[in-house]
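Take a look at the structure set out below.
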Protein chains: 2
Amino acid sequence: MPMVNTAKNMGPVKEHLKSLGLTKYEALVYIALLRVESASATEIHEISGVPRASVYPVLDKLMKKGLVSVSNTTPKRFDAAPPDEGVEHLLRQIELDATAAKEELVAIYRSREDREEKKQEMIWTLSGRENIENRISDMFSNAASSVIIFASRDLITPRILDLIAQIPGTVSIDLATNGIFAPGDLPDHVRVRSIENLIDTGLLQGDQMAGVFIADRERVLLRLNGDETTPSALYSESPAFLQLFLNYWNHIITSFFS
Amino acid sequence: MPMVNTAKNMGPVKEHLKSLGLTKYEALVYIALLRVESASATEIHEISGVPRASVYPVLDKLMKKGLVSVSNTTPKRFDAAPPDEGVEHLLRQIELDATAAKEELVAIYRSREDREEKKQEMIWTLSGRENIENRISDMFSNAASSVIIFASRDLITPRILDLIAQIPGTVSIDLATNGIFAPGDLPDHVRVRSIENLIDTGLLQGDQMAGVFIADRERVLLRLNGDETTPSALYSESPAFLQLFLNYWNHIITSFFS
DNA sequence: TACCTGTCGTCTTTGTTGTGACAACATTTA
DNA sequence: TAAATGTTGTCACAACAAAGACGACAGGTA
């Protein structure tokens, strides 16, 4: 029995189109129109599974978004814009909004009330691998003098390696971890220290992995929970909190590489 | 009297953030957090106008989107990610979805049932200036041998001039219009013909302007309605429809430039 | 006549928006 | 120290708006 051509086999495509601002119906109709060369409203209804009466307003919206064109015949026939053009056009609109939003928000951000002192004593929690690595990216790209990393090898992801590679040569980079790197993974000016037994450092306990990322000896990020669940991290500019890890670092390099 | 700092003065920022996938509350809370250095949930409620109880789930979602971080103090305090980072991150996610969607849709597009013959006889309607110029862009960038344009000068927008400039030199370009161009507006190999009295050509009637764009003598776009309302255009690959305008073109160049 | 298209009004469903209540905890007051 | 007061974080749920779904109908075509 051949696969039925209903709206049942909806892949992740619809989700992707939704984040571009399309509704479920709009996605279904557009996809239906891509399947065939051109179609009447009723044919679209049959292919997409969208109620016939709902097809018309949906086609209207798709036309306004430039994804669909109409014939002037009666009955009207509809045609989809090629997907690369169409998606590109949608994306361009969103990018416009993004840059506009960015400017407006930066204006607000600049005029905020400044109370850095209090903020510095705070310890912040980040959640989600993406967001954590974004923060690390921010730390590294703003680092002026030094970067210190000691972490379980598993936490030094390719993304992190890439971030390290982009740090200018004027910044000193210290890296202590277990495991090894492929040639070319790291720039030459990175001082790498290898720690065989990570448990002695406290970085590895059972399944728990940890990693410490320090920039300019002023900002520290502590990555926790290397396991399956959504990882979290602590970030701080608190001198007290920082001193803790700077001491930790001194302890490691003196006792393991005396 | 100074401007009150309530949630009343909400500019277009919120709209822009919405098209990046944020809800109204998420936008309000994020903006509120940008105003101040860091805030408790109740402070956020006071600044943003979002109900206190609703602030918590909203903050959760913002954290997952990487726009907000939490302190580990009690009570918790919240902090906004800098807007350039934050917006950039949101946009990156959407761009990922866009490229994914594009690939998936192109796959569908390729495997569609082909009935080009019928489609060729069709005359399609496009609506919206953006969408029309996008189609023209598509026509021009795919043109292999020739491009013909005769249109009221007002319809040759800077965008169109830019599109013309990007056509390779191997493609012959003919342009007939009223009005003039600034030096450098057009590449050298464009054959420009100047028509003083556009009414005789039928391109201009009262307030109605029209323009014809032909690529490779195979595809024609007829732009109408130069006035205020959302403009529309006809597009066709029908040989009969095309012949109409090719004759038209011959008539113009012979009777005006004999 | 019979059929199909395009449009309208309506109802349901879903997600966001908004309100009140409450236990846990901290702070102040007696 | 104990009671009183206030604040935080969480929950349940009402109100609302947008999207989704269905049936009915006038007009046109065959």
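Note that the coordinates shown come from a computational prediction; the quantities given were computed from them, not determined experimentally. Letters A, B, ... mirror the listed sequences (proteins, then strands); counts begin at 1.
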> Centre of A:Tyr235's six-membered ring, under 6.0 Å away, within 45 degrees of the axis: is that where NZ or CZ of A:Arg135 sits?
Replying inline: yes
> What is the minimum heavy-atom distance between A:Lys65 and A:Gly21, and which atoms define it?
Replying inline: NZ-O, 3.2 Å
>> What is the separation between atom CD on A:Glu43 and atom C1' on C:dC4, rounded to the nearest whole Å?
In response: 12 Å
>> Nearest whole Å is fine: how far is D:dA19 P from A:Glu26 CD?
In response: 8 Å
>> What is the distance, to the nearest angstrom, from the CZ atom on B:Arg77 to the C1' atom on D:dG9?
In response: 15 Å
> Any donor-acceptor pair under 3.5 Å between the side chain of B:Ser54 and the base of C:dG18?
Replying inline: yes
> Within this structure, what is the CG-to-P distance between A:Leu62 and D:dA19, rounded to whole angstrom?
Replying inline: 13 Å
> To the nearest angstrom, how far is A:Tyr56 atom OH from D:dG20 atom P?
Replying inline: 18 Å
> Going from OH on B:Tyr25 to OG on B:Ser54, what distance comes out if it is rounded to the nearest 0.5 angstrom?
Replying inline: 5.0 Å
> Within this structure, what is the NZ-to-P distance between A:Lys18 and D:dA18, rounded to whole angstrom?
Replying inline: 17 Å
> Given that B:Pro51 and A:Lys76 both sit by DNA chain C, which one's nearest nucleotide is further toward the 5' end?
Replying inline: A:Lys76
> For DNA chain D, what are the stems built from at least three Watson-Crick or G-U pairs in a row, each pair having both distances below 3.5 Å?
Replying inline: C:1-30 with D:1-30
>> Return the CG to NE2 distance between B:Leu22 and B:His16, rounded to the nearest 0.5 Å.
In response: 13.0 Å
> Just one of A:Phe140, A:Phe150, A:Phe245 clears the side-chain contact (heavy atoms from CB on, under 4.5 Å) bar with A:Phe213, so which one?
Replying inline: A:Phe140
> Relative to the 5' end of DNA chain D, which residue comes earlier, A:Thr23 or A:Arg52, by the nucleotide with the nearest heavy atom?
Replying inline: A:Thr23
> Separation of B:Ile44 atom CD1 from D:dT7 atom P, in whole Å?
Replying inline: 17 Å
> Looking at B:Tyr25, does any N or O in its side chain come under 4.0 Å of the phosphate oxygens OP1/OP2 on C:dG18?
Replying inline: yes
>> Does C:dT5 have OP1 or OP2 under 4.0 Å away from a side-chain N or O of A:Thr42?
In response: yes
>> Can you give me the closest heavy-atom contact between B:Leu234 and B:Thr125, atom names plus distance?
In response: CD2-OG1, 3.7 Å
> How do A:Thr74 and A:Ala53 order along DNA chain D: which one's closest nucleotide is nearer the 5' end?
Replying inline: A:Ala53
> Between A:Leu59 (CG) and C:dT7 (P), how many Å, whole number?
Replying inline: 11 Å
> Going by atom types alone, do A:Asp97 and A:Gln93 pair a side-chain donor with an acceptor below 3.5 Å?
Replying inline: no
